[in-house]
**Q** 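First, the structure itself, so that you have it in front of you.
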Protein chains: 2
Amino acid sequence: MPTTRLDPIDRKILAELQADGRMTNVELAKRVGISAPPCLRRVRTLEEAGFIKGYHADVDARELGFEVQVYAMVGLQSQAESDLSAFEDLCRKWSLVRECNMLNGEVDFILKCVAPDLSTFQSFLTGQLLTARNVASVKTSLVIRSAKDDPGVPFDVLEERLNRSA
Amino acid sequence: MPTTRLDPIDRKILAELQADGRMTNVELAKRVGISAPPCLRRVRTLEEAGFIKGYHADVDARELGFEVQVYAMVGLQSQAESDLSAFEDLCRKWSLVRECNMLNGEVDFILKCVAPDLSTFQSFLTGQLLTARNVASVKTSLVIRSAKDDPGVPFDVLEERLNRSA
DNA sequence: CCTGAAATGAAAGGCCA
DNA sequence: TGGCCTTTCATTTCAGG
């Protein structure tokens, strides 16, 4: 249902802007095969409908001095909804925490964190995360190296899927 | 050392473009307090120096029909460098795998995957990931809900750090 | 390395098909 | 809807401090 309102041109626009979010509208229009004004109208519509949530420059964390990336698996004592969302609120305030996802299974949350160095991360860990209300356990794993870090969604999978149902 | 060549205006540019990658150059120039031409030159320099790796529209995966997000923890049989990079090459080819990071500790890799539905993910899991050469174990965790998903790095931490060393 | 001005080219809106 | 035309505004180059 959700993608029913998107035609192939809309999907191409999303794929192109996911790959290069700073492309000019005339370049985008050329690539998707329509002229510029209707292309811009489609982009605005996609933005307003929430298909496009924003645009972001992808900055090089390492080159900026963030040498450390860590995944933290967090278990809580209480999984009552108010306790879950209290923990989520904390995560939103911690700027070293870039992503916070609630999981099924043994662990309650996985956090992706970045820090300039290990000692900055360690003091966050011991001073903030481990001592936060309701936190029962934290297991951390350092990222040794990153092999792939692609933004967003795979549009090729989406097209395959639509072809099968057509 | 890496950030030594960036002055406060460069850092502001990076922070602004991370927050809104489609901002016009005149708007950006106004925000960082210089006129448009030098601002554009700085952006180009930051791009060429690799501080900015690209620009991406942030598309709403759920609204596009990707209902499922999964973390997969992968253990390999052999951790020889050639086997590690062979596995990384596979991950780069699998479009459901959006991120692949090598970790320290018990597990060798953490993969972040998206899929339209559970059965698509399951068939990837059993047909591709579990049967790939050298894969010893895979533990998967479904994302129940996402509380935070911020792009890039926390510039407030960077500024704090520079203030302390000054 | 910046500002300011001038020319090219893109964005945004009106209007017709 | 998409395409065309017009106005407005951004981008880019160049002269000069």
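Lettering follows sequence order; numbering is per chain, from 1.
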**Q** Nearest 0.5 Å, what's the CG-CZ distance between B/L6 and B/F51?
**A**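 These two atoms lie 4.0 Å from each other.
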**Q** With a sphere of 6.0 Å drawn around CZ of A/R133, does it hold more than 12 non-hydrogen atoms of other residues, nucleotides or ligands?
**A**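 No, CZ of A/R133 has 12 or fewer neighbouring heavy atoms, counting only those of other groups under 6.0 Å.
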**Q** Looking only at heavy atoms, what is the nearest atom pair of B/E47 and B/Y55, with distance?
**A**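 In terms of heavy atoms, the two residues are closest at OE2-OH, 2.6 Å.
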**Q** In whole angstroms, how far is the C1' atom of D/dT1 from the CZ atom of A/R5?
**A**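 Distance, rounded to whole Å: 14 Å.
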**Q** Just report the end-to-end axis angle for the helix from C/dC1-D/dG17 to C/dA17-D/dT1, five pairs per end, to 10 degrees.
**A**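 Roughly 30°, once rounded to the nearest ten degrees.
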**Q** Using whole Å, report how far CZ of B/R42 lies from P of D/dT12.
**A**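 My rounded result for the distance is 17 Å.
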**Q** Can any side-chain N or O of A/R62 pair as donor or acceptor with the backbone N or O of A/E67 at less than 3.5 Å?
**A**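 A pair under 3.5 Å: yes.
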**Q** Pick out which of A/L28, A/I34, A/L14 makes a side-chain contact (heavy atoms from CB on, under 4.5 Å) with A/R42.
**A**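 Going through the options one by one, the only one that passes is A/I34.
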**Q** Mind checking what makes side chain to side chain contact (heavy atoms under 4.5 Å, CB included) contact with B/Q128, not counting sequence neighbours?
**A**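 Partners of B/Q128 under the side chain to side chain contact (heavy atoms under 4.5 Å, CB included) test: B/W94, B/F124.
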**Q** Report the distance from atom CD1 of A/I9 to atom P of D/dG2, rounded to the nearest whole Å.
**A**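 Taking atom P of D/dG2 as the reference, CD1 of A/I9 is at 6 Å.
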**Q** Whole angstrom is fine here: how far is it from NZ in A/K30 over to P in D/dG3?
**A**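 Rounded to the whole Å, the gap is 15 Å.
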**Q** Could you pull out all residues at least two apart from A/S85 that satisfy side-chain hydrogen bond (donor to acceptor under 3.5 Å, both in side chains)?
**A**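 Scan of A/S85 (side-chain hydrogen bond (donor to acceptor under 3.5 Å, both in side chains), adjacent residues dropped) gives none.
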**Q** Encode nucleotides 12-17 of chain C as B, S and - characters from 5' to 3', where the letter depends on protein heavy atoms closer than 4.0 Å: B to the base, S only to sugar-phosphate, - to neither.
**A** SB----
**Q** Report the distance from atom CG of A/L46 to atom CG of B/D60, rounding to the nearest 0.5 Å.
**A**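 The CG atom of B/D60 is 11.5 Å from CG of A/L46, to the nearest 0.5 Å.
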**Q** Which residue, B/N101, B/L111, B/L129, forms the side-chain contact (heavy atoms from CB on, under 4.5 Å) with B/C91?
**A**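 Filter result, single survivor: B/L111.
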**Q** Are A/V107 and A/I110 close enough, and set up right, to give a side-chain contact (heavy atoms from CB on, under 4.5 Å), and what steps lead you there?
**A** CA-CA 8 Å; A/V107 91; A/I110 186 168; 5.6 Å; no
**Q** Enumerate the residue pairs fulfilling salt bridge (Lys or Arg N to Asp or Glu O under 4.0 Å) with a member in residues 111-123 of chain B, sequence neighbours excluded, ordered by first and then second residue.
**A**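 Passing the test, one end in residues 111-123 of chain B: A/E99-B/K112, A/R161-B/D117.
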**Q** List in numerical order all residues of residues 14-29 of chain B for which some heavy atom is under 4.0 Å away from an atom belonging to DNA chain D.
**A**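 Residues of residues 14-29 of chain B that come under 4.0 Å of DNA chain D are, in numerical order, B/T24, B/N25, B/V26.
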**Q** Whole Å only: how far is the CZ atom of B/R31 from the C1' atom of D/dA10?
**A**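 Whole-Å distance recorded here is 16 Å.
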